[in-house]
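Before any comments, here is the structure.
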Amino acid sequence: MRPVRSLRLLPALLALAAAQPAGGAAAQAVDPPGRVCPDPVRPCPGFRPHDLSFALPRDGAARAESRSEPFYAVILRSGPRCSVAERERLAAQALFPRHKVFATRFECDGDGENDVTYTGVDARYGFLAVYAGTTRAAAERVLAGVRAGGRFPGANLRRMRAVRVHS
């Protein structure tokens, strides 16, 4: 009887083993803290539509801010603080369906509970940007595509991090 019982479990055990990442470690249910969620249709929870979202720490520790991993972005345009409207961001997002288009609105909307800013940019200005990857090579390819489109003649690359400020 025991061998028969073990054979019945074999398909389930094989399926479980196949689902495990290499090395045998169990797959994490959530991304590690700081990991950017660049897919515009699958953002990390807790962010507004215009933010580039990232996985927040889930350890319950109080902190003043949380930071994403470093990444590259193509700055499509910049202007006065708080000047990039959501309709403009959505129009740009339609041009880049596989890369999140985001805009800085830090301290613009009066929502101190959910303010995201970015490193590597001048905080005195607002910007519209598209996520371009974690490597310079990937970012250069996105920038070349943006420039080829001709709609954003001043487009340029920036290496940055998203910073969620907790109140």
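Shortest non-hydrogen contact noted between Pro80 and Ser83 is O-OG, 2.6 Å. Across all non-hydrogen atoms, the minimal contact from Val84 to Ala103 is CG1-CB, 3.7 Å. Of all non-hydrogen atoms in Val74 and Ala132, the two that sit nearest each other are CG2-CB, 4.0 Å. Across every non-hydrogen atom of Cys37 and Ala55, the tightest pair is SG-N, 4.4 Å. Considering all non-hydrogen atoms of both residues, Ala129 and Ile75 come closest at CB-CD1, 3.9 Å.
Identified under the salt bridge (charged side-chain N to carboxylate O under 4.0 Å, His left out) test for residues 116-132, with sequence neighbours left out: Asp122-Arg124. Applying the ring-ring contact (aromatic ring centres under 6.0 Å, His included) definition to pairs two or more places apart or across chains, none involves residues 74-96. Judged as a salt bridge (charged side-chain N to carboxylate O under 4.0 Å, His left out), the pairs with a partner in residues 66-86 (not counting sequence neighbours) are, in order, Glu65-Arg67, Arg77-Glu88, Glu86-Arg89.
Results of the salt bridge (charged side-chain N to carboxylate O under 4.0 Å, His left out) test with Asp115 over Arg164, Arg48, Arg105 single out Arg48 as the only residue that passes. If you run ring pair (Phe, Tyr, Trp, His ring centres under 6.0 Å) between Tyr118 and each of Phe106, Tyr125, Phe102, only Phe102 comes through.
Remark: the backbone N or O of Ser53 is not paired with any side-chain donor or acceptor of Asp51 at under 3.5 angstrom. Judged by distance alone, with hydrogens and angles left aside, the side-chain atoms of Arg42 form no donor-acceptor pair with the main-chain N or O of Pro40 at under 3.5 Å.
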Output a table of donor-acceptor pairs, distance under 3.5 Å, between side-chain atoms of residues 150-163 and any protein atom two or more places apart or on a different chain; print 'none' if there are none.
unit_1 : atom_1 : unit_2 : atom_2 : d
Asn156 : OD1    : Arg158 : NE     : 3.2
Asn156 : ND2    : Gly154 : O      : 3.2
Arg161 : NH1    : Ser68  : O      : 2.9

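Every residue two or more places apart in sequence or in another chain was checked for a side chain to side chain donor-acceptor pair (under 3.5 Å) with Ser78, and none qualifies. With sequence neighbours left out, Tyr72 forms a ring-ring contact (aromatic ring centres under 6.0 Å, His included) with no residue at all.
A continuous path of Ile, Leu, Val, Met, Phe, Trp and Tyr side chains, each step under 4.5 Å between heavy atoms, connects Val142 with Leu128, placing both in one hydrophobic cluster.
Between Pro57 and Ser66 the shortest side-chain heavy-atom distance falls below 4.5 Å.
Rounded to the nearest 0.5 angstrom, Leu143 CG and Leu76 CG are separated by 9.5 Å. The line from OH of Tyr131 to NZ of Lys100 is 13.0 Å long, rounded to the nearest 0.5 Å.
The six-membered or imidazole ring of Phe54 lies away from that of Phe71, with a centre-to-centre distance of 6.0 Å or more.
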